[in-house]
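Remarks on the structure that follows.
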There are 2 protein chains.
Amino acid sequence: MGRRYDPERRQRIIDAAAAVVRERGIGGLGHRAVAAAADVPLGSTTYHFATLDDLMIAALRQINAEWLAEVEHWVEGVDPAAPPADELARWLGEQLTGDRVRMELEYELYFAALRHEGLRPLAAECLDEMARMLARLMPDAATARAVVALIDGLTLQVLLADRPYDREGTSAALARIMGVDGDNGPPAG
Amino acid sequence: MGRRYDPERRQRIIDAAAAVVRERGIGGLGHRAVAAAADVPLGSTTYHFATLDDLMIAALRQINAEWLAEVEHWVEGVDPAAPPADELARWLGEQLTGDRVRMELEYELYFAALRHEGLRPLAAECLDEMARMLARLMPDAATARAVVALIDGLTLQVLLADRPYDREGTSAALARIMGVDGDNGPPAG
DNA sequence: ATCCCATGCGTACAATCGTACACAACGATG
DNA sequence: CATCGTTGTGTACGATTGTACGCATGGGAT
């Protein structure tokens, strides 16, 4: 009863916008594309999100939340006894070989935030949250930030070069940067 | 013999295209904007670069070359006696506080390459070259790639969040990942 | 029952874009 | 000198875009 207006509609548009970004990138985001994906008329998207920036921010906020939820889910389920570097490297490999698009999305956000002032806080929040969650698995916050940086950089390399993901090398690098010598033999050539 | 006329023309257009990307981002790259920046008529840009992709690739190739030249210049001039982690952290700080736009450009290339197939080799070459050059300062190639990843990730954090650059923390993280214990006290909080 | 207004919808408009094309200028070749 | 092909230029066209606006509708409030 109560809702004088229909919040479902708005959420469906956001979902559709996220889907559009997923498939065509931020450059492909537009009122019409979103309207088609959400199966609503054009006027509906312009009504709920008057400007394109509003739509983009809403879409990226959604994508961001989904990603952070996934990371949090993994962090809470990880075996605290196993060496964190190994677990992290294995999880990263699963993400990279499994849902590659999902990872690209995160960088889509970063990219947009470089130019779009309004997106900067969102990207910053994502990086901070990642570090905060990963801090569970390691000595201190500064290390967690470095780990996030290393993960981001390595992911970028896998996504951009066609080099396959090197799980052992990643694990060794993570172990070194975490200051734990769990299993850092000679880095794999 | 040859060209009395204009190899200059083409290069000037490329320079202008790079300038446009510098100022407005890849999204702002267009025949007209480049023509205006190069002070040539519209037809001139479409003549030398029929499609927009050609123009974009040329611009990013130029940007890429400039960046790699700068890195190479630094690597060749670095003091081989000093601890590499410190030198690297200091240089990175100079880049970040000095010419921030220059660094953003590199990520503009990376992110564009995520969506644009034709740019992938360029981005991959950049990452490989970076690792190859930095390999001078460290034990092996795998470590160099990890260092490149860490640098990329840390740079991203500085560019996206408004956290100031932490030179000592970076130096410590670099030292740890390079396996050298030059000056890695407790990581700065 | 009647009125009001938030919400939804369809269309239209101005601007911008990439690209194509017709023509001008000029150097090289016979 | 005549001719031709390369280079340079201006304009135009079709497509697509963000956004605005007029109108329909349906449920609360009176």
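For the numbers below, each heavy atom of this structure counts, side chains included, while hydrogens, waters and symmetry mates do not.
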Measure all distances between protein nitrogen or oxygen atoms and nitrogen or oxygen atoms of nucleotides 4-6 of chain D, and list the pairs falling under 3.5 Å.
none

Among residues at least two apart in sequence or on other chains, which ones pass salt bridge (Lys or Arg N to Asp or Glu O under 4.0 Å) with [X]?
X	answer
B:Arg115	A:Glu108
B:Arg61	none
B:Glu87	B:Arg90
A:Glu66	A:Arg22, A:Arg102

Please state how far atom [atom1] in [X] lies from atom [atom2] in [N], giving the value in whole angstrom units.
X	N	atom1	atom2	value
A:Arg10	C:dG8	CZ	C1'	15 Å
A:Asp39	C:dG8	CG	P	15 Å
A:Leu29	D:dT16	CG	C1'	15 Å

- Item | Inter- and intrachain pairs under ring-ring contact (aromatic ring centres under 6.0 Å, His included), touching residues 74-97 of chain A, at least two apart | A:Trp74-A:Trp91
- Those residues that, when tested against B:Asp79, pass side chain to side chain contact (heavy atoms under 4.5 Å, CB included) (two or more places apart): B:Ala81, B:Ala82
Considering only nitrogen or oxygen atoms on both sides, find all protein atoms under 3.5 Å from nucleotides 19-22 of chain D and state each distance.
unit_1: D:dT19; atom_1: OP2; unit_2: A:Leu52; atom_2: N; d: 2.8

- Enumerate the residue pairs fulfilling salt bridge (charged side-chain N to carboxylate O under 4.0 Å, His left out) with a member in residues 23-38 of chain B, sequence neighbours excluded, ordered by first and then second residue. none
- Message: For a quick check of understanding: with a heavy-atom distance under 4.0 Å over all strands, which category does A:Ile13 fall into, base, sugar-phosphate or nothing?
- Response: nothing
Side-chain polar contacts of residues 39-47 of chain B - donor-acceptor pairs under 3.5 angstrom, sequence neighbours left out - could you list them?
unit_1: B:Ser44; atom_1: OG; unit_2: B:Arg9; atom_2: NE; d: 3.3
unit_1: B:Thr45; atom_1: OG1; unit_2: B:Leu42; atom_2: O; d: 2.8
unit_1: B:Thr46; atom_1: OG1; unit_2: B:Gly43; atom_2: O; d: 3.0

- Under 4.0 Å from any atom of DNA chain D, heavy atoms only: list the residues of residues 55-64 of chain A that qualify, in numerical order. none
- Report yes if a side-chain nitrogen or oxygen of A:Ser44 is closer than 4.0 Å to either non-bridging phosphate oxygen (OP1 or OP2) of C:dG8; otherwise report no. no
- State the CZ-CD1 distance between B:Phe49 and B:Ile14, to the nearest 0.5 angstrom. 4.0 Å
Considering only distance and modelled atom types, tabulate donor-acceptor pairs under 3.5 Å from the side chains of residues 116-127 of chain B, sequence neighbours left out.
unit_1: B:His116; atom_1: NE2; unit_2: B:Asp53; atom_2: OD1; d: 3.2
unit_1: B:His116; atom_1: NE2; unit_2: B:Asp53; atom_2: OD2; d: 3.4
unit_1: B:Glu117; atom_1: OE1; unit_2: B:Arg120; atom_2: NH2; d: 3.2
unit_1: B:Arg120; atom_1: NE; unit_2: B:Ala113; atom_2: O; d: 2.8

- Query: Is any side-chain N of the basic residue among B:Asp128 and A:Arg163 closer than 4.0 Å to the acidic one's carboxylate O?
  - Reply: yes
